[in-house]
Amino acid sequence: MKQLTYPIAVLLVLLTCIVSCNKKTTEGDSANQATIYYGGDILTMEGDAPVYAEAIVSQNGKIVFVGAKQEALDKYKENGTEVDLEGKTLLPAFLDGHGHFFNVGFTSMCANILPAPDGPGICFDSIVNTLNKYKDTEDGKYIIKKTEWIIGNGYDDSQLKELDHPTASDLDKVSTDVPVLIIHQSGHLGVLNSKGLELAGYTKDNHKVDGGVVRLDENGNPTGVLEEGALFKVLFPILGKMDDEMSAKCIKKGQDEYAKMGYLTAQDGRTTLEQLASLKKGADENQYYLDVVAYPDIRLGLDSTSMDSYYTHNHTYKNRFRIGGAKLTLDGSPQGRTAWLTQCYHTNPTGIQGCYKGYEIIDNNKATEYVKEAYKNKWQLLCHTNGDAAIDQYLNAINEAQKTLNYDDHRTVMIHGQNLRKDQIPELVRLNIMPSLFPMHTYYWGDWHVQAIFGPKRGNYISPCRDVIDAGLKITSHHDAPVTFPNSMRVLDATVNRVSRNKNIIGADQRISPYEGLKTLTDWAAYQYFEENSKGTLTVGKLADFVILDQNPVTIEDTYKIFEIKILESIKEGKTVYKSTDSK
């Protein structure tokens with residue numbers, strides 16, 4: 001009897017291990033076994049027009065066959081698993097044109113005060129009520145314990161009933177003892193309660209911040225509203241309080257949010273040095289099941305120590321993580337009226353008279369210095385430029401850098417380009433700059449841009465995808481999460497349809513086709529990352545990174561319903577990492 005006990009115990013342990021294994025990493029390819037997909041629209045994303053295959057086969061994490069179904073079965077059925085797509089659509093997994101991966105994980109634990117359709121933030125009272133409920137939730141208690149702050153994310157003055165920002169006195173209704181911070185949906189503004197202002201040290205006599213603004217009332221006292229550098233001076237130290245446990249939670253939650261939307265390559269744009277240390281530690285401890293690329297903030301002081309072994313000129317990953325280059329920020333948010341324009345805003349922020357154009361973050365000499373630093377080190381540079389004045393500054397800096405450094409195949413990226421002028425597009429072409437545009441603004445803020453920010457002419461030209469593509473440039477289209485959710489189908493819908501929340505078309509002449517929209521998420525996105533040889537199309541030899549949709553965006557009967565298409569399954573190198581309950 002004793003001789004039987006040991007093997008039974010071992011068997012039970014093994015069985016427990018098998019059952020408890022994460023489902024995310026157990027479905028799909030196993031050692032040497034092939035997976036054969038057929039029976040649906042297999043969209044390869046190769047070429048300028050849609051190309052379909054009858055079948056695709058993955059094995060050992062790579063694509064080993066694309067072609068006829070019978071040939072795939074003849075070659076791989078004996079040692080393979082068949083997957084009948086049953087009319088669904090399979091295409092390459094999406095790559096994140098621009099987002100903030102680590103902050104997606106962090107804000108998923110903060111109070112959601114976004115406006116509809118993503119949250120309850122419709123007025124000041126709804127924000128206060130949400131925060132009061134949140135502080136007693138599991139996530140709320142966790143964030144307060146770890147950061148000593150109550151934090152909400154996503155309020156938007158353009159969508160609030162008051163059409164204004166809450167103030168410290170509003171947030172004092174949440175707490176007067178614990179500091180409260182709410183972050184604007186743009187990520188470029190925020191509001192503190194009185195306790196938060198006290199801890200930040202912002203007063204009537206102490207409110208000057210380089211590259212930022214502490215808004216004051218008629219008596220010269222801080223209202224609680226912070227712009228740009230004034231916000232980051234408070235926010236970055238809060239983020240710096242994260243311990244290893246909280247950082248790991250952010251990495252896990254960030255991956256889950258991306259994977260369920262079909263994004264299997266995520267970007268962490270403008271990574272702080274503290275976040276970079278956490279992301280590296282996550283890689284050292286094998287915490288990633290999708291690929292993450294970080295672009296640390298160049299203004300924080302990057303050197304060989306901060307870049308180290310996670311930055312390589314051949315763009316290779318270490319445990320699914322790498323540093324892709326550096327990030328520079330030259331202005332702020334158009335919807336928050338902190339973007340830097342060459343012409344006046346259509347309407348001014350409260351209390352400002354005359355022709356208001358926003359403001360730069362740094363001067364021209366400093367901008368050129370940072371671009372030259374990136375080019376000298378052969379770092380790919382991503383630069384946040386929303387206003388056309390910031391874009392001019394960026395173009396001039398790149399031009400100066402190229403005169404002396406001649407960085408070949410730099411794939412420098414212009415992030416956002418909301419207020420890009422038509423006459424600036426030829427310069428993008430001449431300098432070989434790749435735009436990552438933000439047409440999601442047409443849905444979320446299109447009406448606001450037309451009515452209050454830019455006026456009708458400039459407002460309808462935001463993120464001019466059609467003109468940029470017609471000029472011969474590849475583009476990507478992004479979500480800038482956590483500014484918006486990393487919702488790939490909402491990104492695609494906005495890029496193709498440009499329909500606002502109020503059902504208005506924002507710049508019909510800048511629409512692109514559904515196929516081109518998918519190129520911005522797949523083929524062209526892989527090119528932006530220097531990963532066109534391993535991702536972006538269904539090509540033999542590339543990674544078996546797939547997404548399965550319930551409908552084909554290219555052939556959907558009503559293109560205005562692209563945003564309703566569901567992500568059924570995300571497959572990373574042959575392994576299922578997300579599966580919807582609707583994907584039976």
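These numbers come from the heavy atoms of this one structure, side chains and all, not from hydrogens, waters or symmetry mates.
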Using only atom types and a distance under 3.5 Å, with no angle test, would you say the side chain of [X] pairs donor to acceptor with the backbone of [Y]?
{"X": "H416", "Y": "T385", "value": "no"}
{"X": "N319", "Y": "N286", "value": "no"}
{"X": "Q510", "Y": "D467", "value": "yes"}
{"X": "R498", "Y": "I505", "value": "no"}
{"X": "Q380", "Y": "R411", "value": "yes"}
{"X": "Q402", "Y": "Y407", "value": "yes"}
{"X": "K542", "Y": "E532", "value": "yes"}
{"X": "D550", "Y": "K566", "value": "yes"}
{"X": "D41", "Y": "L43", "value": "no"}
{"X": "Q255", "Y": "Y289", "value": "yes"}

For Y317 together with Y288, are the ring centres under 6.0 Å from each other? no
Centroid-centroid under 6.0 Å between H384 and H98 rings: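 No, too far apart.
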Please check if the number of heavy atoms outside [X] that lie under 6.0 Å from its [atom1] is greater than 12.
{"X": "D48", "atom1": "CG", "answer": "no"}
{"X": "K146", "atom1": "NZ", "answer": "yes"}
{"X": "K422", "atom1": "NZ", "answer": "no"}

Find the distance between [atom1] ([X]) and [atom2] ([Y]) and round it off to the nearest 0.5 Å.
{"X": "I433", "Y": "I391", "atom1": "CD1", "atom2": "CD1", "value": "9.5 Å"}
{"X": "I567", "Y": "M489", "atom1": "CD1", "atom2": "CE", "value": "4.5 Å"}
{"X": "I415", "Y": "L328", "atom1": "CD1", "atom2": "CG", "value": "11.0 Å"}
{"X": "Q185", "Y": "I183", "atom1": "CD", "atom2": "CD1", "value": "12.0 Å"}
{"X": "D545", "Y": "T522", "atom1": "CG", "atom2": "OG1", "value": "12.0 Å"}
{"X": "E82", "Y": "K69", "atom1": "CD", "atom2": "NZ", "value": "7.5 Å"}

Return the orientation label for the H479 and Y263 ring planes: parallel under 30°, perpendicular over 60°, tilted otherwise. perpendicular
Check whether any side-chain heavy atom of [X] sits under 4.5 Å from a side-chain heavy atom of [Y], and report yes or no.
{"X": "D291", "Y": "K535", "answer": "yes"}
{"X": "L73", "Y": "Y38", "answer": "yes"}
{"X": "L492", "Y": "L518", "answer": "yes"}
{"X": "S570", "Y": "Y258", "answer": "no"}
{"X": "F438", "Y": "I462", "answer": "no"}
{"X": "T537", "Y": "T44", "answer": "no"}
{"X": "I323", "Y": "L276", "answer": "yes"}
{"X": "W445", "Y": "S186", "answer": "no"}

Working note: F563 + Y443, criterion ring-ring contact (aromatic ring centres under 6.0 Å, His included); need CA distance, chi angles, decisive distance, verdict. CA-CA 11 Å; F563 71 92; Y443 174 73; 7.5 Å; no
Modelled atom types, side-chain donor and acceptor of [X] and [Y], under 3.5 Å:
{"X": "S477", "Y": "T520", "result": "no"}
{"X": "Q70", "Y": "D74", "result": "yes"}
{"X": "Q275", "Y": "N103", "result": "yes"}
{"X": "D96", "Y": "H478", "result": "no"}

Minimum heavy-atom separation for [X] to [Y], with atom names?
{"X": "Y515", "Y": "G47", "value": "OH-O, 2.9 Å"}
{"X": "L420", "Y": "P464", "value": "CD2-CG, 3.9 Å"}
{"X": "F102", "Y": "S278", "value": "CE1-CB, 4.0 Å"}
{"X": "P482", "Y": "T107", "value": "CB-OG1, 3.3 Å"}
{"X": "A93", "Y": "L264", "value": "CB-CD1, 3.6 Å"}
{"X": "G301", "Y": "L273", "value": "O-CD1, 4.4 Å"}

SB check [X] [Y] (cutoff 4.0 Å):
{"X": "E573", "Y": "K575", "value": "no"}
{"X": "E427", "Y": "R430", "value": "yes"}
{"X": "R322", "Y": "E531", "value": "yes"}
{"X": "K260", "Y": "D256", "value": "no"}
{"X": "R270", "Y": "D297", "value": "yes"}

Begin with the C-alpha distance, continue with both residues' side-chain angles, and end with the deciding distance and a verdict on side-chain contact (heavy atoms from CB on, under 4.5 Å) for R466 and D509. CA-CA 7 Å; R466 180 76 274 149; D509 62 335; over 6 Å; no
From CA spacing to verdict: side-chain hydrogen bond (donor to acceptor under 3.5 Å, both in side chains), N377, Y311: CA-CA 11 Å; N377 287 286; Y311 179 79; over 6 Å; no
Would I143 and M246 satisfy side-chain contact (heavy atoms from CB on, under 4.5 Å), going step by step from the backbone distance to the final call? CA-CA 9 Å; I143 290 292; M246 190 173 182; 3.4 Å; yes
Would you check, one step at a time, whether the test side-chain contact (heavy atoms from CB on, under 4.5 Å) holds for L538 with L90? CA-CA 10 Å; L538 302 182; L90 182 150; 3.7 Å; yes
Both conditions, 6.0 Å and 45 degrees, for the charged tip of K280 above the ring of Y310: are they met here? no
With sequence neighbours excluded, residues passing ring pair (Phe, Tyr, Trp, His ring centres under 6.0 Å) with F530: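 Ring pair (Phe, Tyr, Trp, His ring centres under 6.0 Å) list for F530, sorted by chain: H315.
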Residues S333, Q418; criterion side-chain contact (heavy atoms from CB on, under 4.5 Å); working and verdict: CA-CA 9 Å; S333 151; Q418 288 299 302; over 6 Å; no
Please name the residue in the list L381, T412, L428 that meets the side-chain contact (heavy atoms from CB on, under 4.5 Å) test with I398. T412
